[in-house]
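For clarity, every value in this text was computed on a predicted model and none was experimentally measured. Atoms within each ligand, like the ligands themselves, are counted from 1 in listed order.
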Amino acid sequence: MRSFITLTGLAIFCSSVALAAPAPAPIAAAKFENRASACTFSGSNGAALASKSKTSCSTIVLSNVAVPAGTTLDLTGLNEGTKVIFEGTTTFGYKEWAGPLVSVSGSDVTVEGAPGAVLNGDGARWWDGKGSNGGKKKPKFFFAHNLKSSNISNIKIENSPVQVFSINGAETLILDSITIDNSVGDSTGAHNTDAFDVGDSNGVTISNANVQNQDDCLAINSGTNIIFTGGTCSGGHGLSIGSVGGRSDNTVKTVHIENSTIKNSQNGVRIKTVSGATGSVSGVTYKDITLSGITKYGIVIEQDYENGSPTGKPTSGVPITGLAIDGVTGSVSNSATGVYILCGKGSCSNWTWEGVKITGGKKSSKCENIPSAASC
Ligand SMILES: *[C@@H]1O[C@H](CO)[C@@H](O)[C@H](O)[C@H]1NC(C)=O
Ligand SMILES: *[C@@H]1O[C@H](CO)[C@@H](O)[C@H](O)[C@H]1NC(C)=O
Ligand SMILES: *[C@@H]1O[C@H](CO)[C@@H](O)[C@H](O)[C@H]1NC(C)=O
């Protein structure tokens, strides 16, 4: 029965929206705004119809939607309490543009994938080894911006052209059981495929993520009360904070990254702050993190970034305080470095450092201004 709106003998079968053109649902349903209605959209006009009708449907089912090239599946400004369900395979046309391919905003929103649902970016059409640093202009995948008290769960994304989730302006947002599989891109030029970029948000929980990509599994540029737990990250650059500094929001406060595995990645645990900038990183905990097949650094904390690269010259403007490293264990490859800490004078303090057991790799001789609890 969820597909019907019934009022004074009038029945509208919302599921037919995708088949009928022009769409009857938006006009009819607008009159019954508070009525529960489930609308199903599919095929090549599904995205446009869904965007048009989005505030008339309490449940939006996106079933095998083919999003046209150069357009966003626009689910911004949803009504409070709207539920969005992806079914089947969502595909996207090819265009060189900035994206995003999907954008969702609202309060008390839930977004979920039905069993077997996939959002397939078919990123190979863009991959040229240059990521967001040049070559073809590549669309970002999923904007989760300005979501309040909302949940995104069981979404599977394959083959993202470039960065996957952009989480910004969130207030109490849970992302649970998200799968990102960009493994095909390892040998075919995928680059800068960050899984979760978090900025300007308060209260983001990312639990049970399974990520295979070619850049940060998590990158927190700013935000407070962020949790990442139960994750598995493979093929990328590790679980990162930063680069912090040089943006409009440069505060990272109270972050728990726990119970996670990082394998076959450049780094395990990473914090980077921008040289010459101001800001702060405080109250960050990395707990129970298992490493294997790490090729650059097991743990790397450095305050010397400039234009996206380390300079070797740390500054003190973005202090890292109240850092707890508790139980980071496992192995790095022989050419890698176990731990590298490069702090400015006095700008790393009040750290705790327990249960760090990293085997393999080299010992760094370039660490500077290490707080007393830690060691390289
Ligand atoms: C999101 O999930 C949390 C925890 O499971 C739950 O308490 C909350 O009601 C959910 N919110 C929505 C909008 O589904
Ligand atoms: C990590 O796992 C432990 C043991 O299951 C649990 O107590 C803790 O809450 C988890 N951490 C997070 C942030 O969920
Ligand atoms: C040290 O860090 C802990 C954890 O963030 C915090 O609770 C405490 O207030 C900090 N102490 C000082 C002296 O800054």
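Checked by distance only, ligand 1 and Ser149 stay at 3.5 Å or farther apart across all their nitrogen or oxygen atoms.
Side chain to side chain, Asp176 and Ser207 meet the donor-acceptor criterion of an N or O pair below 3.5 Å. No side-chain donor from either of Gln163 and Asn192 sits under 3.5 Å from a side-chain acceptor of the other. Under the 3.5 Å distance criterion, with hydrogens and angles disregarded, no donor-acceptor pair is assigned to the side chains of His237 and Asn267. Between His145 and Ser166, the side chains place a donor N or O and an acceptor N or O closer than 3.5 Å (distance only, hydrogens not considered).
Close contacts of ligand 1 with Asp108, meaning ligand atoms under 4.0 Å from a residue heavy atom, involve 13 (C). Per-residue contacts place Gly283 under 4.0 angstrom from the following atoms of ligand 3 (heavy atoms of the residue considered): 5 (O). In summary, the atoms of ligand 1 found under 4.0 Å from a heavy atom of Thr110, numbered by their order in the structure, are 12 (C), 13 (C), 14 (O). Heavy-atom proximity to Gly322, at under 4.0 Å, picks out these atoms of ligand 3: 2 (O), 5 (O). Annotation for ligand 1: atoms under 4.0 Å from non-hydrogen atoms of Ile174 are 2 (O), 3 (C), 4 (C).
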* Does the salt bridge (charged side-chain N to carboxylate O under 4.0 Å, His left out) test come out yes or no for Arg247 and Asp200, once each step is laid out? -> CA-CA 10 Å; Arg247 294 182 170 79; Asp200 250 329; over 6 Å; no
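Residue pairs that meet the ring pair (Phe, Tyr, Trp, His ring centres under 6.0 Å) test with at least one member in residues 313-372, sequence neighbours left out, are Tyr297-Tyr340.
Residue-ligand proximity: Ser150 is placed with every non-hydrogen atom at 4.0 Å or more from ligand 1.
Between Phe196 and Phe228, the ring-plane angle classifies as perpendicular under the 30° and 60° cut-offs.
Atom OG of Ser103 is separated from atom CG of Leu73 by 9.0 Å, given to the nearest 0.5 angstrom. Separation of atoms OG1 (Thr315) and NZ (Lys345) is listed at 12.0 Å; rounding is to 0.5 Å.
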Show the distances, to 0.1 Å, for all pairs joining an N/O atom of ligand 2 and a protein N/O atom that are shorter than 3.5 Å, listing one pair per line.
{"from": "ligand 2", "atom 1": "2 (O)", "to": "Asn259", "atom 2": "OD1", "distance (Å)": "3.1"}
{"from": "ligand 2", "atom 1": "2 (O)", "to": "Asn259", "atom 2": "ND2", "distance (Å)": "2.3"}
{"from": "ligand 2", "atom 1": "11 (N)", "to": "Glu258", "atom 2": "OE1", "distance (Å)": "2.8"}
{"from": "ligand 2", "atom 1": "11 (N)", "to": "Asn259", "atom 2": "ND2", "distance (Å)": "2.9"}
{"from": "ligand 2", "atom 1": "14 (O)", "to": "Thr229", "atom 2": "OG1", "distance (Å)": "3.3"}

